[in-house]
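In the text below, chain A, chain B and the rest are named by the order of the sequence lines, each starting its count at 1.
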Amino acid sequence: MPELPEVETVRRGLSDLLPGKTVLAVSHDTPKSFPNAPADVKEFLIGAKVEAVKRRAKVLIIELDTKYSLIIHLKMTGQLVFRSRDDKKRFGAGHPNRSLIGDLPDKSTRVIFEFNEAFLYFNDQRKFGWVRLVPTAEIPNIDFFRKVGPEPLAADFKPQDFKNRIRRRPNSTIKAVLLDQTVIAGVGNIYADESLWTARIHPETKVRDISPIKLTKLYHGLRDVMFLSIEKGGSSDKNYVDVAGRQGSYLQFANVFRREGKACPRCGHEIIKIRVAGRGTHLCPHCQRKVS
DNA sequence: CACTTGACCTGTCCGC
DNA sequence: TGCGGACAGGTCAAGT
């Protein structure tokens, strides 16, 4: 579930909490969740101090003072939840900011990082996510980072850059291209559907059939929905929570996603759900016509 | 080569 | 209430 806005929300939370803290211990459930632990953990992680928490596409990068970094992908159901000794006082029962998840670790907990008086839990129900320890200087050489496209929210990412990237795949459907991380970084199913609705583009439209004006609308639509979602703490359908265990509220503002059978907020026609590029896809068949 | 489909996992929901 | 099947927000490898 976590797409760019959710991962960015987690990054901001971790960035407020982790820098300056030293890793005291690490435990993990399976090699799958932490492929190069524990041998490397003992040697490279314990005693390391967190310097910064960054994000590239949907991947979190926790930079340590040892020239190593932890890189973390939440995939569909990953969570990173931070609990300090003070959290019971700050987020106890009745507190509006209290965590929505219970005692940790729970049965979805895969990796635990212990800091002084605090723990960071990596939970992942479906076990698609992972944590890796890599030399910081090697990160740009990792296959995923070499291939991944530009950050759509970067200040220097202009409409023309967006159009040029998208047009590299003229014969694909626009939905498939938006989801392709090598074209644009960080777009997932929710923000693909929402941005296509905003730009009034049918998700099955071939890229070559979309006018320049519509592509410009899509550029702005994509950025608008992502900026709004970050402001709302991301989308929580089921699993996603921030570092304090709180859900995001963006889906309250969604126009089509998970709204099949309801009225389109723009024209009142019924929103439908179809399958495009192998993914559940939500659209208004009246506002979003196939030929631009 | 460009593009699409299945596999990876667990949990939940829906129809019988 | 139980059971089988479909489905879930991401990414690869393998297939056409």
Run the side-chain donor-acceptor check on residues 263-272 of chain A: report pairs under 3.5 Å with partners two or more places apart or on a different chain.
residue: A/Arg266; atom: NH1; partner: A/Trp197; partner atom: O; Å: 3.0
residue: A/Arg266; atom: NH2; partner: A/Trp197; partner atom: O; Å: 2.8

Interatomic distance where [atom1] belongs to [X] and [atom2] belongs to [N] [whole Å]:
X	N	atom1	atom2	value
A/Ile274	C/dC7	CD1	C1'	16 Å
A/Ile190	C/dA8	CD1	P	12 Å
A/Ile184	C/dG10	CD1	P	16 Å
A/Asn123	C/dG9	CG	P	21 Å
A/Ile72	C/dG10	CD1	C1'	16 Å

In plain terms, say whether [X] and [Y] are close enough for a salt bridge, that is, a side-chain N and a carboxylate O under 4.0 Å apart.
X	Y	value
A/Asp124	A/Arg110	no
A/Lys54	A/Glu63	yes
A/Asp143	A/Lys147	yes
A/Lys58	A/Glu3	no

Between [N] and [M], how far apart are the two [atom1] atoms, rounded to whole Å?
N	M	atom1	value
C/dC7	B/dT5	P	14 Å
B/dT12	C/dT11	C1'	23 Å
B/dG11	C/dC12	P	24 Å

If pairs are Watson-Crick or G-U with both distances under 3.5 Å, what is the dot-bracket string of DNA chain C, marking crossing pairs with [ ] and pairs to another strand with |?
-> .|||||||.|||||||
Can you give one letter per nucleotide of nucleotides 11-16 of chain C, going 5' to 3': B for a protein heavy atom under 4.0 Å from the base, S for sugar-phosphate only, - for none?
-> BS----
B/S/- along nucleotides 7-14 of chain B (protein heavy atoms under 4.0 Å) is -BBBSS--
Among side-chain atoms of A/Arg146 and A/Asn141, is any donor-acceptor pair under 3.5 angstrom?
-> no
Side-chain donor-acceptor pair present, A/Tyr191, A/Ser235, cut-off under 3.5 Å = yes
Option from A/Asn123, A/Asn239, A/Thr109 for which side-chain hydrogen bond (donor to acceptor under 3.5 Å, both in side chains) with A/Gln79 holds | A/Asn123
Aromatic ring pairing A/Phe144/A/His73, orientation class (parallel under 30°, perpendicular over 60°, tilted between) | perpendicular
Return a table of donor-acceptor pairs under 3.5 angstrom between the side chains of residues 150-161 of chain A and protein atoms on other chains or two or more places apart.
residue: A/Glu151; atom: OE1; partner: A/Arg55; partner atom: NH1; Å: 2.9
residue: A/Glu151; atom: OE1; partner: A/Arg55; partner atom: NH2; Å: 3.2
residue: A/Glu151; atom: OE2; partner: A/Arg56; partner atom: NH1; Å: 2.9
residue: A/Glu151; atom: OE2; partner: A/Ala57; partner atom: N; Å: 2.6
residue: A/Lys158; atom: NZ; partner: A/Ala155; partner atom: O; Å: 3.3
residue: A/Gln160; atom: NE2; partner: A/Asn164; partner atom: OD1; Å: 3.0
residue: A/Asp161; atom: OD2; partner: A/Lys158; partner atom: N; Å: 2.9

Below 3.5 Å between N/O atoms, which protein atoms pair up with nucleotides 2-4 of chain B? Just atom names and distances, please.
residue: B/dC3; atom: OP1; partner: A/Asn171; partner atom: N; Å: 3.3
residue: B/dC3; atom: OP2; partner: A/Arg169; partner atom: NE; Å: 2.9
residue: B/dC3; atom: O5'; partner: A/Ser172; partner atom: OG; Å: 3.3

Base, sugar-phosphate, or nothing for A/Gly129, non-hydrogen atoms under 4.0 angstrom?
-> nothing
